[in-house]
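Input: a single structure, listed below in structure tokens.
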Amino acid sequence: MSVQPEGVEGDSSDGDDANLVGLRALGEDEPLVDPNADTFELDLGAGRRVVIPMDRSAQRRGVAGASGTEAQSETGAVVWDGAVLLARANALEPPGRKRSVLELGAGCGLAGLAWALTEDCTLTLTDRPHRLRALRENARRNGVEATVAALDWTRALEDAEHGSSDVVLAADCVYDEALATPLVRTMSYAMNDESVALVSIDEANRRPAALRAFLRVAERAFSYFREEPYGMEPRS
């Protein structure tokens with residue numbers, strides 16, 4: 001099920017030539033991730049499977065020194081529905097060659113790891129410093145070679161090593177109105193004219209004000225936005 005936001009489809013004279021694709025896991029649908037499970041497994045077909053342990057206790061504790069949502073709940077410690085959508089979204093942008101994939105706010109790394117297991121790509125997983133150890137362990141556990149690096153969206157312009165990725169993934173990163181502009185700037189900086197950004201949003205867990213702020217900024221930053229009606233997968 002999909003809802004088309006007003007005022008964001010089509011070309012924007014203020015944007016560049018990069019594309020933004022939006023996927024939504026809408027709140028009234030059956031959750032893709034069991035909120036009580038400590039492990040999430042996703043069958044990718046052809047004998048491939050990605051396995052992600054989830055730290056429910058860390059999620060409940062929150063992040064020391066953080067503000068907003070993260071102060072109360074460490075969102076990166078568990079898998080969210082939006083990551084499940086992005087894990088399968090390379091079918092929307094089939095590769096014609098080996099490409100570079102960058103995941104922002106990777107959390108547990110499900111989306112990026114699934115892409116690396118299903119196509120020939122170079123993968124970079126980014127998040128805040130306290131999430132990097134778990135990201136490296138999840139990559140090792142699933143047999144994926146990935147670059148794991150800290151990336152602060154509010155200082156993204158200083159991080160030149162993350163520039164010019166072919167695909168930028170952002171799963172459930174739209175949760176704080178104040179981060180809408182830094183997130184879009186980071187995506188734009190990481191892309192070239194031929195790149196595509198795929199963003200998933202779980203409306204059951206995100207605030208409407210954050211979504212509105214993100215769409216307002218995104219429609220000015222990207223020349224083309226489309227929202228894909230993407231089918232829900234059974235819960236693993």
Side-chain angles (χ1 to χ4, degrees), residues 1-3 18-27 29-33 40-45 48-52 54 75-95 99-127 131 134-135 138-139 142 144 146 148 151 153 162 165-175 179 183-184 186-187 190-191 195-206 210-211 214-215 218 222 225-236:
M1 184 173 180
S2 178
V3 175
N19 294 329
L20 175 68
V21 179
L23 310 174
R24 294 202 199 173
L26 296 182
D29 288 296
E30 179 72 14
L32 303 181
V33 181
F40 182 80
E41 299 186 19
L42 185 64
D43 186 357
L44 301 172
R48 296 165 299 193
R49 179 176 290 270
V50 59
V51 180
I52 302 292
M54 298 186 288
T75 57
V78 300
V79 173
W80 298 89
D81 283 5
V84 182
L85 292 184
L86 282 195
R88 298 183 180 276
N90 52 352
L92 301 173
E93 299 289 335
R99 56 188 175 180
S100 56
V101 176
L102 169 68
E103 185 172 4
L104 303 177
C108 295
L110 174 72
L113 294 174
W115 278 54
L117 288 168
T118 52
E119 70 168 80
D120 184 18
C121 66
T122 60
L123 174 64
T124 301
L125 302 171
T126 66
D127 210 313
R131 291 301 312 160
L135 278 172
N138 285 344
N142 288 282
V144 172
V148 177
L151 181 59
W153 301 344
H162 301 304
S165 297
D166 297 313
V167 180
V168 176
L169 305 176
D172 281 324
C173 290
V174 180
Y175 58 84
L179 291 175
L183 174 58
V184 172
T186 302
M187 290 192 299
M191 299 166 69
S195 301
V196 63
L198 288 88
V199 179
S200 62
I201 298 163
D202 184 353
E203 294 184 328
N205 295 300
R206 302 310 185 215
L211 175 57
F214 173 79
L215 293 176
F222 295 92
F225 173 92
R226 73 182 189 268
E227 185 170 6
E228 292 286 346
Y230 202 60
M232 309 296 280
E233 299 289 343
R235 184 166 61 192
S236 295

Main-chain N/O of [Y] paired to [X] side chain as donor or acceptor, under 3.5 Å:
{"X": "Thr126", "Y": "Glu103", "result": "yes"}
{"X": "Ser165", "Y": "Met191", "result": "no"}
{"X": "Trp115", "Y": "Leu86", "result": "yes"}
{"X": "Asn138", "Y": "Cys108", "result": "yes"}
{"X": "Asp81", "Y": "Leu32", "result": "yes"}
{"X": "Asp43", "Y": "Gly45", "result": "yes"}

Considering all heavy atoms, the nearest [X]-[Y] contact:
{"X": "Arg88", "Y": "Leu42", "result": "NH2-CD1, 3.4 Å"}
{"X": "Ala116", "Y": "Leu123", "result": "CB-CD2, 4.0 Å"}
{"X": "Ala210", "Y": "Tyr175", "result": "CB-C, 3.7 Å"}
{"X": "Arg48", "Y": "Leu117", "result": "CD-O, 3.2 Å"}

Is there side-chain contact between [X] and [Y], with at least one heavy-atom pair below 4.5 Å?
{"X": "Phe40", "Y": "Val50", "answer": "no"}
{"X": "Leu102", "Y": "Val167", "answer": "no"}
{"X": "Val199", "Y": "Phe214", "answer": "yes"}
{"X": "Val168", "Y": "Leu104", "answer": "yes"}
{"X": "Leu110", "Y": "Trp80", "answer": "no"}
{"X": "Asp127", "Y": "Leu151", "answer": "no"}
{"X": "Asn19", "Y": "Phe222", "answer": "no"}
{"X": "Val174", "Y": "Leu183", "answer": "yes"}

Exercise. Take Val51 and Asn142 through the side chain to side chain contact (heavy atoms under 4.5 Å, CB included) test and state the conclusion after the steps.
Key: CA-CA 7 Å; Val51 180; Asn142 288 282; 4.2 Å; yes

Exercise. Give, for atom CD1 of Ile201 and atom CD of Glu227, the distance between the pair rounded to the nearest 0.5 Å.
Key: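 Spacing of CD1 (Ile201) from CD (Glu227) equals 7.5 Å.
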
Exercise. Mind checking the CG-CG spacing from Leu125 to Leu113? Nearest 0.5 Å is all I need.
Key: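 Atom-to-atom, Leu125:CG and Leu113:CG are 5.5 Å apart.
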
Quiz item: Is it the case that Asp166 and Ser195 place a side-chain donor and acceptor less than 3.5 Å from each other?
Solution: no

Practice problem: Step by step, work out the side chain to side chain contact (heavy atoms under 4.5 Å, CB included) result for Val33 and Val78. | Solution: CA-CA 9 Å; Val33 181; Val78 300; over 6 Å; no

Exercise. Could you give me the CA-CA distance, side-chain angles and deciding distance for Thr124 and Val148, then say whether side chain to side chain contact (heavy atoms under 4.5 Å, CB included) is met?
Key: CA-CA 6 Å; Thr124 301; Val148 177; over 6 Å; no

Quiz item: Taking it one step at a time, do Asp172 and Ser200 satisfy side chain to side chain donor-acceptor pair (under 3.5 Å)?
Solution: CA-CA 6 Å; Asp172 281 324; Ser200 62; 4.8 Å; no

Quiz prompt | Side-chain ion pair, Glu93 and Arg226, N-O less than 4.0 Å | solution = yes

